[in-house]
*Asks:* 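A single structure is presented below for examination.
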Amino acid sequence: VQLVESGGGLVQAGGSLRLSCAASGMTFSLNAMGWYRQAPGKQRELVAAIASGGGRKKYADSVKDRFTISRDNAKKTMYLQMNSLEPEDTAVYYCNAGGLYTSTYYGTGLYWGQGTQVTVSS
């Protein structure tokens, strides 16, 4: 399984970025997926998760109404649209696959991408 993130970069506060996660080596449409982030000196945290079919999604409270997770199963790609970015969103963002998606939580899957840096300047 290979997960490759792209789309990170440097943006001013209030700006937008769109992250992509391209998957290979797995049956993409059968796997729930998630985006995590890790800021310097902090633990990795779940930002958003999406069920295998794309119809169910969940978000961390800190990003609700600003971030949108989506997926294109035909392209085997997951996305994270990030709007109204804040300096507190600065982190390395990781794609995760194969987790358990339930009505109450997303359990981290085994597979990780290499991460993409997002830096938001004030």
*Asks:* How long is the span from the OG atom in Ser52 to the CG atom in Asn73, to the nearest 0.5 Å?
*Replies:* 7.5 Å
*Asks:* Flag the pair Thr108 / Tyr36 as yes when at least one side-chain heavy-atom distance between them is below 4.5 Å, and no otherwise.
*Replies:*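 Yes - at least one pair of side-chain heavy atoms lies under 4.5 Å apart.
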*Asks:* May I have all residue pairs that pass salt bridge (charged side-chain N to carboxylate O under 4.0 Å, His left out) and include part of residues 96-113, sequence neighbours excluded?
*Replies:*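 Pairs touching residues 96-113 that pass the test: none.
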*Asks:* Hey, could you give me each pair passing salt bridge (charged side-chain N to carboxylate O under 4.0 Å, His left out) that has a residue in residues 98-116? Not counting sequence neighbours.
*Replies:* none
*Asks:* What salt bridge (charged side-chain N to carboxylate O under 4.0 Å, His left out) pairs are there with at least one residue in residues 105-119, not counting sequence neighbours?
*Replies:* none
*Asks:* Who are the salt bridge (Lys or Arg N to Asp or Glu O under 4.0 Å) partners of Glu45, not counting sequence neighbours?
*Replies:*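 Testing Glu45 for salt bridge (Lys or Arg N to Asp or Glu O under 4.0 Å), a comparison that skips the adjacent residues, returns Arg37.
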*Asks:* Scan residues 58-70 for pairs that pass salt bridge (charged side-chain N to carboxylate O under 4.0 Å, His left out), counting only residues two or more places apart or in two chains.
*Replies:* Asp61-Lys64, Arg66-Glu86, Arg66-Asp89
*Asks:* Check Ser122 against Ala13 and note the closest heavy-atom contact, atom names and distance.
*Replies:*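 Smallest heavy-atom distance, with atoms named: CA-CB, 4.4 Å.
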*Asks:* Could you check whether atom NZ of Lys76 has more than 12 heavy atoms from other residues, nucleotides or ligands sitting under 6.0 Å from it?
*Replies:* no
*Asks:* Check whether any side-chain N or O of Thr27 sits under 3.5 Å from a backbone N or O of Leu30 as a donor-acceptor pair, and report yes or no.
*Replies:* no
*Asks:* Mind telling me whether Trp112 and Tyr94 have parallel, tilted or perpendicular rings, with 30° and 60° as the class edges?
*Replies:* perpendicular
*Asks:* Does a donor on one side chain sit under 3.5 Å from an acceptor on the other, for Asn83 and Ser16?
*Replies:* yes
*Asks:* List the atom of Tyr106, the atom of Gly34, and the distance in Å for their closest heavy-atom pair.
*Replies:* OH-N, 3.6 Å
*Asks:* What's the shortest heavy-atom distance between Lys42 and Gln38, and which atoms?
*Replies:* O-NE2, 3.1 Å
*Asks:* Return yes if a side-chain donor-acceptor contact under 3.5 Å exists between Tyr79 and Asp72, otherwise no.
*Replies:*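 Distance-only check fails for Tyr79 and Asp72.
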*Asks:* If you round to the nearest 0.5 Å, how far is NZ of Lys75 from OG of Ser20?
*Replies:* 9.5 Å
*Asks:* Run through the side-chain heavy atoms of Ile, Leu, Val, Met, Phe, Trp and Tyr, join any pair under 4.5 Å, and report what else lands in Val11's cluster.
*Replies:*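 For the cluster that includes Val11, the remaining residues are Val1, Leu3, Leu17, Leu19, Met26, Phe28, Met33, Trp35, Val47, Ile50, Tyr59, Val63, Phe67, Ile69, Met78, Leu80, Met82, Leu85, Tyr93, Leu110, Tyr111, Val118, Val120.
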*Asks:* Is there a side-chain contact between Glu5 and Gln114, using heavy atoms and a 4.5 Å cut-off?
*Replies:*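 SC-SC contact between Glu5 and Gln114 confirmed.
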